[in-house]
K.L.:
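Structure provided below as structure tokens; questions to follow.
We count ligands from 1, going down the list as the structure has it; atoms in each ligand are counted the same way. This chain uses plain numbering: 1 for the first residue, then up along the sequence.
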Amino acid sequence: MEEEPFRTIIEPFRIHSVEPLRMTTRAERREHLGAAAYNLFQLRAEHVLIDLLTDSGTGAMSRDQWAAIQHGDESYAGSPSFYVFVDAVRELFPFEHVIPVHQGRAAEKILFTALGGPGRIVPNNTHFDTTRANVEATGARAVDLVIAEGRDPLSEHPFKGNMDLEALDALLAEHAASVPCVMVTITNNSGGGQPVSLANLQGVREVCDRYDTPLFLDACRFAENAWFIHEREEGQGERDVADIVRDMAALADGMTMSAKKDPMGNIGGWLAMRDDDLAQACRTQLILTEGFPTYGGLAGRDLEALAQGLREVVQHDYLRYRIRSTAYLGEALQRIGVPVLRPIGGHAVYLDARGLAPHLDPLEYPGQSVAVALYEAGGIRSCEIGTVMFGRQPDGSEAPSSMDLVRLAIPRRTYTQSHIDYVIEVCARVAADAASLPGYRITAEPPSLRHFTAAFEPLR
Ligand SMILES: *Cc1c(COP(=O)(O)O)cnc(C)c1O
């Protein structure tokens with residue numbers, strides 16, 4: 001008889017090189033908050049103890065990635081590092097054309113420069129904010145068609161990132177001639193890091209085939225998405241995650257990628273596709289803005305590190321730990337009565353700040369208030385995703401966003417369970433005192449993307 005597996009899922013690595021964390025006192029953090037005008041983007045990172053602002057480019061590289069960096073060849077054209085990179089990408093995503101770029105939004109900019117334009121429409125499950133901005137910058141319209149469950153914070157649907165196939169079909173029936181491509185974001189970052197099922201991707205492919213429309217993946221968290229398929233989708237539990245990734249790729253005509261996410265890089269990205277003419281147009285644009293097609297704004301050493309990262313991210317031990325450790329944080333918070341978005345996503349836990357501080361009006365920015373309190377109480381940096389981020393309307397007025405969330409994004413392989421236990425304790429303390437959290441008002445803001453630079457003041 002086989003032995004029971006042990007319940008503790010450990011970090012599947014040990015620490016090889018350490019970065020010191022500096023403790024600060026509450027009084028010091030109050031001072032830093034004042035100097036930053038209560039905007040956590042304006043803090044110096046050295047004043048942050050546990051940095052959960054984003055999982056983008058903040059992960060720890062492995063010993064083998066650092067070793068790969070020593071293989072970096074910095075030839076301007078035709079570097080061997082480019083071919084190592086392309087082979088590693090094609091091992092998972094066998095697209096004819098693989099075009100490196102400095103990060104995900106550069107891939108979006110190049111793709112939509114080629115495919116966008118006034119009158120065009122690009123559907124997606126949910127556009128990430130840079131994707132939307134790059135679509136709209138060309139004059140095209142970005143349309144979100146996630147299933148209804150994906151917009152309901154209480155729904156326990158296992159694949160809340162799924163595309164609404166009927167809505168997609170209806171849109172294409174009317175406008176196919178104006179739709180240059182359909183995009184699917186895996187996992188659906190703006191929808192809470194929620195996955196898309198393989199069956200849904202197949203459904204999207206069928207709809208696209210009916211209207212002869214190309215399908216592109218925004219594949220930043222492809223490995224986390226594939227792990228959710230492995231765990232939750234019927235008939236997938238015995239399969240290798242790398243095979244599931246290849247199935248996802250086979251359904252698409254191309255992809256955009258931020259290598260700062262699942263490819264385990266601190267910088268990088270790529271654009272890939274099957275179509276020769278589109279690739280030609282994209283490479284022409286690439287040379288204008290990123291560089292020659294065999295480096296695309298990256299150093300040869302970056303390309304080597306990404307190739308190695310791609311081999312590591314599809315390992316089951318890593319993904320089991322990754323998804324479990326995010327759920328560990330979310331479930332602990334739920335247990336102590338902190339309201340969180342369900343089910344727990346792949347890369348982040350989202351606190352429901354409106355639920356935590358119901359005495360605050362959305363226009364008093366409950367998400368900002370909770371995020372500031374987490375920093376003041378314990379030096380934890382999180383990110384408001386709510387009325388501060390989305391509240392300013394195109395006509396200049398202000399309206400509450402649909403939810404006021406605080407995102408705790410988990411950098412890859414960076415923090416240990418005791419760091420996370422500390423985060424849970426800090427959250428518990430802030431939650432216990434939530435009734436006393438002050439609202440905030442904005443004293444200065446830029447014309448767009450105000451969350452990065454706005455200045456705040458507590459209302460006391
Ligand atoms: C991060 C991200 C991007 C943009 O990538 P950058 O590397 O930050 O430019 C695009 N789409 C999704 C889903 C992302 O998470």
K.L.:
Please confirm whether C220 comes under 4.0 Å of ligand 1, counting heavy atoms of the residue only.
P.N.:
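Yes.
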K.L.:
To check your reading of the model: name the closest protein heavy atom to atom 8 (O) of ligand 1, its residue, and the distance in Å.
P.N.:
R105 NH2, 2.9 Å
K.L.:
Do the rings of H230 and W227 sit parallel, tilted or perpendicular, given the 30° and 60° boundaries?
P.N.:
parallel
K.L.:
Going by the order shown, which atoms of ligand 1 are within less than 4.0 Å of some heavy atom of K260?
P.N.:
7 (O)
K.L.:
Please check whether F128 reaches ligand 1 - meaning an N/O of the residue sits under 3.5 Å from an N/O of the ligand, judged on distance alone.
P.N.:
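Between F128 and ligand 1 (N or O atoms, distance only) the closest approach is not under 3.5 Å.
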K.L.:
Does any donor atom in the side chain of H451 or N39 lie under 3.5 Å from an acceptor atom in the other side chain?
P.N.:
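On atom types as modelled, these side chains do not qualify, holding no pair under 3.5 Å.
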K.L.:
Can you tell me the protein heavy atom closest to atom 6 (P) of ligand 1 and the distance?
P.N.:
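Among all protein heavy atoms, the one nearest atom 6 (P) of ligand 1 is Q103 NE2, 3.3 Å.
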K.L.:
Quick test: of every protein heavy atom, which one is nearest to atom 5 (O) of ligand 1, and how far off is it to 0.1 Å?
P.N.:
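I find the closest protein heavy atom is S258 CB, 3.3 Å.
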K.L.:
I need the nearest protein heavy-atom contact for atom 4 (C) of ligand 1: residue, atom name and distance, please.
P.N.:
T130 OG1, 3.5 Å
K.L.:
How are the rings of F93 and F95 set to each other: parallel, tilted or perpendicular (split at 30° and 60°)?
P.N.:
parallel
K.L.:
At what distance is the nearest protein heavy atom to atom 10 (C) of ligand 1, and which residue and atom is it?
P.N.:
E108 OE2, 3.1 Å
K.L.:
Between D129 and R132, is there a salt bridge with N-O shorter than 4.0 Å?
P.N.:
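So R132 does not pair with D129 through a salt bridge.
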K.L.:
Report, in ascending order of atom number, the atoms of ligand 1 lying under 4.0 Å from any heavy atom of T185.
P.N.:
13 (C)
K.L.:
Apply the salt bridge (charged side-chain N to carboxylate O under 4.0 Å, His left out) test between E224 and each candidate in R412, K261, R320; give the one that qualifies.
P.N.:
R412
K.L.:
If you measure from the Lys or Arg side-chain nitrogens to the Asp or Glu carboxylate oxygens, is any gap between R311 and D64 under 4.0 Å?
P.N.:
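Judged by the 4.0 Å cut-off on N to carboxylate O distance, R311 and D64 do not form a salt bridge.
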K.L.:
Between F452 and F41, does the ring centroid distance fall short of 6.0 Å?
P.N.:
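Yes, close enough.
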K.L.:
Return the closest protein heavy atom for atom 1 (C) of ligand 1 as residue, atom name and distance.
P.N.:
K261 NZ, 1.5 Å
K.L.:
Nearest to atom 11 (N) of ligand 1, what protein heavy atom do you find, and at what distance?
P.N.:
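Result for atom 11 (N) of ligand 1: D218 OD2, 2.8 Å.
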K.L.:
With heavy atoms of R221 as the reference, note each atom of ligand 1 found under 4.0 Å away.
P.N.:
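Listed by number with element, the hits are 15 (O).
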K.L.:
Report yes if the distance between the aromatic ring centroids of Y76 and Y295 is under 6.0 Å, otherwise no.
P.N.:
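Ring-ring flag for Y76/Y295: true, centres closer than 6.0 Å.
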K.L.:
Using a plain distance cutoff, I'd like to know if N189 has any nitrogen or oxygen under 3.5 Å from a nitrogen or oxygen of ligand 1.
P.N.:
yes
K.L.:
Please name all residues satisfying side-chain hydrogen bond (donor to acceptor under 3.5 Å, both in side chains) with H97, sequence neighbours left out, ordered by chain then number.
P.N.:
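If we apply the side-chain hydrogen bond (donor to acceptor under 3.5 Å, both in side chains) test to H97, skipping adjacent residues, the hits are D276, R283.
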